[in-house]
Amino acid sequence: MSSGFSIEQADDLARGFVPFPADRAAQYRKAGYWTDRPLDSILTDAAAAWPDRPAIIDAAQRYTFAELDAAADRAAGGLTRLGIGPGDRVLLQLPNSCQFAVALFGLLRAGAVPVMCLTGHRTAELGHFAEVSGAVALIVADRAGGFDYRDMAATLVAQHPTLRHVLVDGEPGPFVAWSSIRDGAGPPVHRGPADPDLPALLLVSGGTTGLPKLIARTHNDYVYNATACAQACRLTGDDAYLVALPAGHNFPLACPGLLGSMSVGAPTVFTDDPSPENAFALIDRYRITVTGLVNALAKVWAQACEWEPVLPTTLRFVQVGGSRMSPEEARFILERLTPGLSQIFGMAEGMLNFTRPGDPEDVVVHTQGRRMSVHDEMRVVDEDGHDVAPGEEGELLVRGPYTLNGYYRDDDANARAFSPDGFYRTGDRVRVFTAGARAGYVEVTGRIKDVIHRGGETVSATDLEDHLHTHPGIYAAAAVALPDPYLGEKICAAVVFRGRPITLAELNTFLDERGAAKHARPDVLTAVPSLPMTAVGKVDKKQLVARLV
Ligand code: OOB
C-alpha cells in the first residue's frame with residue numbers, strides 16, 4: 001500500500017467537514033462499531049475471502065470479487081496518472097451498471113472522494129455539487145435513458161473551471177474514455193486513507209425543497225452503516241441483491257445494498273430498468289432474494305403480480321422506504337408482492353430504522369421499523385424543542401455512530417439543522433411506540449413542514465393522504481397547498497385514479513364516513529395521470545405545486 005494523504009490534501013478535504021466529537025468517536029470505537037478500516041476494505045476483504053464468487057452483474061458484464069478488486073486497483077492507477085489524487089472530490093454519475101462499482105472502488109482506491117450523484121440530476125444539481133465540493137472531475141455515461149450526458153458535461157465544464165476532467169463510459173465525444181483510464185497500461189494503485197474519520201464519500205440529501213445538500217460520510221461510519229445493516233437484515237452469501245433504485249442513493253448503496261451484500265459475499269445485480277417485466281425476469285434468472293424499492297415502485301410491482309407471467313418468488317426480503325406508506329399500501333404490497341416486506345425509514349444523513357425479518361405483521365404494516373443501532377440516540381421534541389411525553393408525536397432528532405454532524409461546507413444549513421448538543425433535526429414528525437409488540441418502533445406521521453395552513457387551521461398533508469389511500473378507487477394521492485385569496489392556502493388533492501375518477505362531492509362523502517375533520521378535506525380535487533417524482537422516485541411536491549398553480 002502506498003502512502004496516503006499529504007497534509008494539504010487532507011486539509012482541503014476537511015475544510016467545511018464537521019467531524020464526530022472525540023468523546024462519541026471513542027465510544028463507538030470502544031463498542032466495536034468503528035473498525036478504523038477504509039471503505040474499500042469491504043471489497044479487499046471480500047476478494048480475500050471469496051475470490052471466485054460473483055460480485056457484480058449487469059446486462060453486459062460480470063465480475064467476481066477478485067476481478068473487481070483487480071479492476072479497482074487498475075482504475076485507481078489510471079485515475080492517479082490523470083492527476084486525480086487523495087482527497088480530490090469527483091462527481092460520479094453512472095447508471096446502474098458494473099462500471100458504477102468499478103468507478104466507485106477505483107476512486108476510493110485512488111484516495112479520491114466520490115460525490116454520489118443520481119442519474120436524474122441535471123446541470124442545476126451537478127453544478128451545485130461541483131461548486132460546493134470543489135470537484136476536479138466528473139464521470140458520466142455517454143447516453144442513458146434518452147439523455148446525452150456529454151452535452152450536460154460540456155455545459156458544466158464551461159461553467160465550473162475546477163472540473164478539469166470529464167470521463168465518459170461509452171463513446172467519449174470530446175472527452176476522455178473511461179475505458180482508457182480503467183484499462184490503461186501502468187501500475188495499479190491501492191492507497192489507504194490517511195484518516196478513517198475523514199469523508200470516504202459525499203452523499204446528497206433527499207429533500208424536495210431547494211438544491212440537495214452534501215453529506216460527508218466517513219470511512220468508519222459508512223463501513224459500519226453497510227455491515228451492520230447487512231447483519232440486521234440477516235444477509236448471507238446465499239443472498240443476491242438487486243439494485244433497482246439509482247445506485248448512488250444511500251438506500252441501494254449501503255442499506256444494505258451493494259456494500260452490505262459485498263460484506264457477506266453476496267452478489268449484486270444492477271438494472272437500469274425497474275419495470276416489473278424486466279425486474280421480475282432478472283429476479284428469476286439470478287435468484288434475487290433481496291431488493292430495496294421506493295413506495296411507488298413497490299406498488300407498481302405489487303400490481304403487476306396480477307398479470308406478469310414470471311413472478312418474483314425468490315424474494316425473501318423486500319425493503320420499501322423513502323416516503324411514508326399507509327397501512328393499506330403496506331398490506332397491498334405484503335399480500336400481492338411478498339410476505340417478506342420490510343419497511344425502512346432512512347436518510348442519507350445517516351440514521352436507519354427498519355422492520356426486521358420475522359417481525360410480526362402488525363409491526364410490518366403499522367410501523368417504519370426500529371433503529372439499527374442501540375447507539376442511535378433518538379429524541380422526539382415539540383415546537384419549542386422540549387421532549388414530548390413517551391409515545392407522543394413530535395419532531396425526530398437523532399445522533400449516533402453513522403449520523404452526520406453537519407452538512408459539508410454549509411454553515412447556514414448547519415445552524416438550523418443541528419441542536420446545540422449535536423442532534424440532527426430530521427424534520428420528520430414521528431411517534432415512538434412504548435408498549436406491546438410495537439414498543440421501540442417508529443411511526444413516521446409526516447414532515448414537520450408538510451402542512452397546509454388553511455384559514456386558521458394547520459392541516460397535515462400526510463393525514464389527508466392516508467385517508468385518500470384507503471379509497472378503493474384511488475391508486476396514489478398527494479395533498480398540497482395552493483394559494484387562496486380568502487383562506488391563505490387551500491387544500492388540493494392530486495389523485496391518480498384506478499378507473500373512473502370520483503367527484504369532489506363523492507370524495508367528501510367518503511371522508512365524512514371515515515370521520516375526517518371538516519377543515520382537513522380537499523377544496524380542490526385534480527385528477528392526474530401520474531405524480532411527479534424526484535430523482536430517486538419520491539413524490540416531488542414542489543414540482544406538483546408548480547404544475548398545479
Ligand atoms: C431515504 O433517504 P433520503 O435521504 O433520500 O430521504 C430521507 C427522508 C427522511 O428524512 C424522510 O423524510 C423520508 O425521506 N423517508 C421516509 C421513509 N423513508 C425515508 N418517510 C416516511 N417513511 C419512510 N419509510 O429516503 C432512505 C435512505 C436509506 C434507506 C431508505 C430510505
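For ligands, and for the atoms within them, numbers begin at 1 and follow the listed sequence.
The aromatic ring centres of F129 and H121 sit less than 6.0 Å apart. Residues F418 and Y424 bring their aromatic ring centres within 6.0 Å.
Remark: R425 fails to qualify as a cation-pi partner of F423 under the 6.0 Å distance and 45° angle criteria applied to the six-membered ring. Judged by the 6.0 Å and 45° rule, R24 forms no cation-pi pair with Y33.
Residues with a heavy atom under 4.0 Å from ligand 1: G206, H249, N250, F251, C255, G321, G322, S323, R324, I344, F345, G346, M347, A348, L352, Q368, D428, V444, R447, K538.
For the ring-ring contact (aromatic ring centres under 6.0 Å, His included) condition, the pairs that include at least one residue of residues 396-415, sequence neighbours left out, are Y224-Y402.
Within 6.0 Å of CZ in R287 there are 12 or fewer heavy atoms belonging to other residues, nucleotides or ligands.
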